[in-house]
Amino acid sequence: SELYMRKNKISSLDELKYLKGLPNLKILYLSENPVCTDPNYRLKVLKELKNLVNLDGTKVTAKEREEAERLASGATAPGNVEQPQRTKSANIDNPPSTAPAPPATAPALTRAHSDNPPNTADRKRASQNVLYAVMALLGDLDEEALRIVKTEVDQRLETEC
């Protein structure tokens, strides 16, 4: 499965905990998020999401996997890990046509603290983006996980109605 989360103002790799239970997630786009400024961003993502084969349009290398494993085992991550070159076929601005691309600009999935609450249009756009992500990931869930999602949805609908 593929997931496009570019430009979502994701500032913490802690957000990846929600993706760990998706064993079929192979391609992830997180570029253009604040979290990407970390010098060991790729290694930290690969440490958490071991099944990825492509991150931000760049194939995951064996060397990166080894470095991510070292990081996972508690070893210090190297300061300057050579970043692999992006393949011509994997263009971040034009993701592969195997999955529909989300809107180019998307509000954060988790909103940063702000004095100004988001306007109605921003909330609606954020809700649509979350719905897109949820629908894309439902196919990766097993029956037990789907039952958990259903229970949560049912409880939320009871609370809202």
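Everything quoted here is computed from the prediction, not taken from an experiment.
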What I'd like to find out is whether the side chain of [X] reaches to under 4.5 Å of the side chain of [Y], using heavy atoms alone.
{"X": "R6", "Y": "L30", "answer": "no"}
{"X": "N54", "Y": "V60", "answer": "no"}
{"X": "L49", "Y": "K20", "answer": "yes"}
{"X": "E2", "Y": "K26", "answer": "no"}
{"X": "K50", "Y": "E69", "answer": "yes"}
{"X": "V149", "Y": "E152", "answer": "no"}
{"X": "Y29", "Y": "L3", "answer": "no"}
{"X": "L55", "Y": "Y41", "answer": "yes"}

Practice prompt. Locate the shortest heavy-atom distance separating S31 from C36; write the atom from each residue and the value.
Written response: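 Result for this residue pair: CA-SG, 3.7 Å.
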Worksheet item: Considering all heavy atoms of both residues, which atom of L52 and which atom of L25 are nearest to each other, and what is their separation?
Response: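 So the minimum-distance heavy-atom pair works out to CD2-O, 3.7 Å.
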Interatomic distance, [X] atom [atom1] to [Y] atom [atom2] [nearest 0.5 angstrom]:
{"X": "E64", "Y": "T58", "atom1": "CD", "atom2": "OG1", "result": "8.0 Å"}
{"X": "N33", "Y": "K7", "atom1": "CG", "atom2": "NZ", "result": "10.5 Å"}
{"X": "N51", "Y": "L19", "atom1": "CG", "atom2": "CG", "result": "12.0 Å"}
{"X": "D56", "Y": "I27", "atom1": "CG", "atom2": "CD1", "result": "11.5 Å"}
{"X": "L71", "Y": "E67", "atom1": "CG", "atom2": "CD", "result": "9.0 Å"}

Practice prompt. Name all residues meeting the salt bridge (charged side-chain N to carboxylate O under 4.0 Å, His left out) criterion together with R65; count only those two or more places apart in sequence or in a different chain, and write none if there are none.
Written response: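 Counting only residues at least two positions away or on another chain, R65 forms no salt bridge (charged side-chain N to carboxylate O under 4.0 Å, His left out).
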With sequence neighbours excluded, what pairs up with [X] under the side-chain contact (heavy atoms from CB on, under 4.5 Å) test?
{"X": "D154", "answer": "K150"}
{"X": "S1", "answer": "N24, D140"}
{"X": "E143", "answer": "R147"}
{"X": "L146", "answer": "L138, L141"}

Worksheet item: Just by distance, do the side chain of N40 and the backbone of L43 share a donor-acceptor pair under 3.5 Å?
Response: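 Looks like no, no N/O pair under 3.5 Å.
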Item to complete: Apply side chain to side chain donor-acceptor pair (under 3.5 Å) to K47 and list each qualifying residue two or more places apart in sequence or on a separate chain.
Response: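 Applying side chain to side chain donor-acceptor pair (under 3.5 Å) to K47 gives none.
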